[in-house]
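The structure appears right after this line, and notes come after that.
In listed order, ligands and their atoms are each counted from 1. Heavy-atom basis, side chains included; hydrogens, waters and symmetry copies ignored.
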Amino acid sequence: MSFENYKYVVVGSGFFGAVVAERLAYDFGKPVLVLEKRNHVGGNCHSVDHAETGIHYHIYGTHIFHTSDREVWEYINKFTDFNGYHHQVLTTHRDKVYQMPINLETINSYYGLNLRPFEVSTFIAEEVGKTGITNPRNFEEKAVSMVGRPLYEAFIKGYTTKQWGCPPDQLPATLLQRLPFRTSYDENYFFDPWQGIPLLGYSSIFDKLLNNPKIRVELNTDFFSIQHELAGDACVVYTGPLDKLFDYRHGHLEWRSLSFEEEVLDVQDYQGTSVMNYADENVPYTRIHEPRHLHPEKDYTESQTLTIKEYSRQGSSDDPYYPVGGDRNRAILEKYLIDVSRNNNLFVGGRLGDYKYYDMDQTIAVALRTYKQIRDRTQNEPKPR
Ligand code: FAD
Ligand code: UDP
């Protein structure tokens with residue numbers, strides 16, 4: 001079948017595109033063409049066995065599945081089982097390891113105290129009181145008004161400056177909503193009741209999502225190179241960077257990008273945990289991943305381990321990882337969203353399409369909703385006489 005026969009075209013095979021394609025094919029019974037410019041499906045969740053060590057890892061950074069959304073949890077469980085992994089993060093500050101997110105252990109260890117949970121709020125309130133900030137207007141002020149200046153300087157300032165490439169007082173306060181703060185010894189990074197790592201890796205989920213005779217996947221195929229070959233009335237679901245779709249006519253959205261440095265070490269366990277953050281600005285990387293810890297159920301007997309250093313850098317729509325956000329980008333985004341709303345056959349979504357810092361479960365939730373919109377819009381179209 002040539003490209004022009006497809007009435008449903010999905011651009012991108014990350015969670016957003018793969019879920020919409022799966023629903024269109026399985027639930028709606030429509031043939032779907034999935035275009036993917038990379039040489040693999042799965043977007044940034046792609047996972048493989050490391051060639052040298054056999055350790056399963058996520059090549060675009062560690063991905064922990066976590067959700068409080070029952071519909072998403074039930075949906076994803078049709079395609080995979082999860083192991084019982086619960087995410088815990090540690091952070092290194094001046095060569096000492098602390099728990100992250102900041103919790104009672106972090107506070108006691110940093111200050112050399114033995115506070116009880118019921119004493120923490122008074123202690124932190126005194127620290128915050130010293131800052132004099134009552135109406136936080138940016139990331140730095142928000143963080144300082146949550147934990148006080150010393151904890152902010154130790155665990156948040158340097159990491160955030162490296163991650164976003166600018167001083168935290170130039171970042172939106174909303175970014176901090178992702179970072180929990182606890183007054184107990186709870187060291188879970190996420191609050192969600194359901195979490196884990198897919199037993200056979202993320203790639204096996206994508207293989208199952210897209211394994212349908214009605215779905216045709218074209219790898220190494222950039223939508224912009226073959227756009228002219230598609231049917232003029234095809235319904236296009238676009239999950240790439242939004243500014244690129246409109247040839248940047250309202251300006252470029254800002255993206256943050258990452259680089260990864262893999263290393264095989266001759267020890268069985270390098271850091272004792274899957275993710276170690278590095279809080280200090282003079283350490284050039286933000287975190288080190290050690291993927292063997294993501295699969296405690298696997299019997300990795302090798303005497304070597306794989307570590308991956310993560311570096312943050314300025315990005316572009318050619319290698320986008322994180323939407324930067326903020327007022328300037330929001331103003332540009334709104335103009336593109338008006339363009340999208342003017343085209344009845346165009347649906348845009350995902351981390352890049354919506355320019356939103358979605359986790360996987362949020363991406364899937366919006367994809368499921370978008371599928372229903374596509375189905376309803378198509379069903380309500382007047383039938384030709
Ligand atoms: P993507 O996965 O980016 O997929 C978009 C796809 O579209 C890509 O495959 C791309 O190649 C393709 N594409 C783009 N343009 C074109 C084009 N012109 N033609 C054809 N194909 C195109 N979430 C969690 O829940 N837990 C985590 O622990 C977690 N960790 C993360 C760590 C990092 C470093 C990052 C960056 C993200 C993390 N996330 C995590 C978020 C998660 O990656 C996203 O929610 C999810 O991948 C978004 O899926 P998507 O389909 O929107 O985008
Ligand atoms: N953050 C921090 N110190 C840390 C971890 C996170 O200051 O040790 C801040 C940082 O600004 C980061 C934000 O909290 O961008 C969100 O952290 P998260 O772990 O959710 O980042 P992600 O895994 O999405 O990169």
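Protein heavy atom at the shortest distance from atom 28 (O) of ligand 1 is I64 N, 2.7 Å. In this structure, the protein non-hydrogen atom closest to atom 21 (O) of ligand 2 is Y357 OH, 3.4 Å. In terms of protein heavy-atom proximity, atom 16 (C) of ligand 1 is closest to K37 CD, 3.8 Å. Looking at atom 7 (O) of ligand 1, its nearest protein heavy atom turns out to be G12 CA, 3.2 Å. Counting only heavy atoms of the protein, atom 15 (N) of ligand 1 lies nearest to G240 CA, 3.7 Å. In terms of protein heavy-atom proximity, atom 30 (N) of ligand 1 is closest to T62 O, 3.3 Å. With respect to atom 10 (C) of ligand 2, the closest heavy atom belonging to the protein is T160 OG1, 3.4 Å. Nearest protein neighbour of atom 35 (C) of ligand 1, counting heavy atoms only, is R351 NH1, 3.7 Å. In terms of protein heavy-atom proximity, atom 51 (O) of ligand 1 is closest to F16 N, 3.0 Å. At the shortest separation from atom 20 (O) of ligand 2 among protein heavy atoms lies R178 NE, 2.9 Å. Closest to atom 17 (O) of ligand 2, if we only count protein heavy atoms, is Y189 OH, 3.8 Å. Looking from atom 3 (N) of ligand 2 to the surrounding protein, the closest heavy atom is F155 O, 3.1 Å. Looking from atom 9 (O) of ligand 1 to the surrounding protein, the closest heavy atom is E36 OE1, 2.7 Å. Nearest protein neighbour of atom 25 (O) of ligand 2, counting heavy atoms only, is Y322 OH, 2.6 Å.
The G43 neighbourhood of ligand 1 comprises atoms 2 (O), 4 (O), 8 (C), 9 (O), with distances under 4.0 Å to a heavy atom of that residue. Counting atoms of ligand 1 from 1 in the listed order, those under 4.0 Å from a heavy atom of D222 are 17 (C), 18 (N), 19 (N). Every atom of ligand 1 with a heavy atom of C45 under 4.0 Å away is listed here by number and element: 47 (O). Shown in contact with Y322 at under 4.0 Å from a heavy atom are these atoms of ligand 1, numbered in order with element: 33 (C), 34 (C). For ligand 2, the atoms closer than 4.0 angstrom to any heavy atom of I156 are 7 (O). Counting the atoms of ligand 2 from 1 in the order shown, those under 4.0 Å from a heavy atom of Q163 are 15 (O). Counting the atoms of ligand 2 from 1 in the order shown, those under 4.0 Å from a heavy atom of F139 are 11 (O). Those atoms of ligand 2 that come under 4.0 Å of a heavy atom in M100, given as number and element, are 4 (C), 8 (O). If you number the atoms of ligand 1 from 1 as listed, the ones under 4.0 Å from a heavy atom of L258 come out as 34 (C). Using a 4.0 Å cut-off to heavy atoms of T221, the atoms of ligand 1 that qualify are 19 (N), 20 (C). Near R38, the atoms of ligand 1 lying under 4.0 angstrom from a non-hydrogen atom of the residue are 9 (O), 11 (O). Annotation for ligand 1: atoms under 4.0 Å from non-hydrogen atoms of Y358 are 41 (C), 44 (C), 45 (O).
Close placement of the H87 and Y85 rings is indicated, their centers lying within 6.0 Å of each other.
Note on R216 versus E218: salt bridge recorded, some NZ/NE/NH1/NH2 to OD/OE distance being below 4.0 Å. Using a cut-off of 4.0 Å between Lys/Arg side-chain N and Asp/Glu carboxylate O, D319 and R313 are scored as salt-bridged.
Contact of the F260 side chain with the I59 side chain is not registered, since no non-hydrogen atoms from C-beta on lie closer than 4.5 Å.
Closest approach of L24 and I374 over heavy atoms only: CD2-CG2, 4.1 Å.
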TODO: Could you please spell out the steps behind the salt bridge (Lys or Arg N to Asp or Glu O under 4.0 Å) verdict for D169 and R137?
DONE: CA-CA 8 Å; D169 61 4; R137 290 158 307 168; over 6 Å; no
Task: From CA spacing to verdict: salt bridge (Lys or Arg N to Asp or Glu O under 4.0 Å), D359, R178 - done: CA-CA 10 Å; D359 280 327; R178 293 182 60 86; 3.2 Å; yes
Open item on the list: Evaluate S317 against W255 for side chain to side chain contact (heavy atoms under 4.5 Å, CB included), listing each step before the verdict.
Closed with: CA-CA 7 Å; S317 59; W255 302 95; 3.9 Å; yes
- [ ] Kindly determine whether F15 and F206 satisfy ring-ring contact (aromatic ring centres under 6.0 Å, His included), including the steps that lead there.
- [x] CA-CA 8 Å; F15 261 121; F206 289 94; 4.6 Å; yes
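For the residue pair D361 and T67, a side-chain donor N or O sits within less than 3.5 Å of a side-chain acceptor on the partner. D339 and H250 are linked by a side-chain donor-acceptor pair at a separation below 3.5 angstrom, with hydrogens and angles left out of the test. A donor atom on one side chain and an acceptor atom on the other are found under 3.5 Å apart for H293 and D269. N44 and R38 are linked by a side-chain donor-acceptor pair at a separation below 3.5 angstrom, with hydrogens and angles left out of the test.
Closest to atom 39 (N) of ligand 1 by heavy atom, among H58, K244, H63, E218, is H63. Here the shortest heavy-atom distance to atom 2 (O) of ligand 1, taken over N44, T286, L245, V20, belongs to N44.
Residue contacts with ligand 2, taken as heavy atom pairs separated by less than 4.0 Å, involve N277 solely via side-chain atoms from C-beta onward. At a 4.0 Å heavy-atom cut-off, ligand 1 touches T363 through the side chain alone. Heavy atoms of W164 found under 4.0 angstrom from ligand 2 belong exclusively to the side chain.
In terms of polar-atom proximity, defined here as any N/O pair under 3.5 Å, L175 makes no such contact with ligand 2. Geometrically, ligand 2 and Y159 share no nitrogen or oxygen pair separated by less than 3.5 Å.
Close to ligand 1: Y60, with a non-hydrogen atom less than 4.0 angstrom away. Contact analysis puts R287 in contact with ligand 2, with a non-hydrogen atom separation below 4.0 angstrom. Using 4.0 Å as the threshold, V41 has no heavy atom nearer than that to any atom of ligand 1. Residue contacts with ligand 1: T67 is excluded, as none of its non-hydrogen atoms falls under 4.0 Å.
How far CD of Q177 is from CG of L179: 11.5 Å, rounded to the nearest 0.5 Å. To the nearest 0.5 angstrom, E281 atom CD is 10.0 Å from T160 atom OG1. Interatomic distance, SG of C45 versus CE of M360, reported as 5.0 Å (0.5 Å rounding). Considering CD of E127 and CG of L151, their distance stands at 7.0 Å, rounded to 0.5 Å. T307 OG1 to E263 CD: the interatomic distance, rounded to the nearest 0.5 Å, is 5.0 Å.
Results of the ring pair (Phe, Tyr, Trp, His ring centres under 6.0 Å) test with H93 over Y278, Y159, F155 single out F155 as the only residue that passes. Between Y57 and the choices H50, E262, H63, the side-chain hydrogen bond (donor to acceptor under 3.5 Å, both in side chains) rule is met once, by E262.
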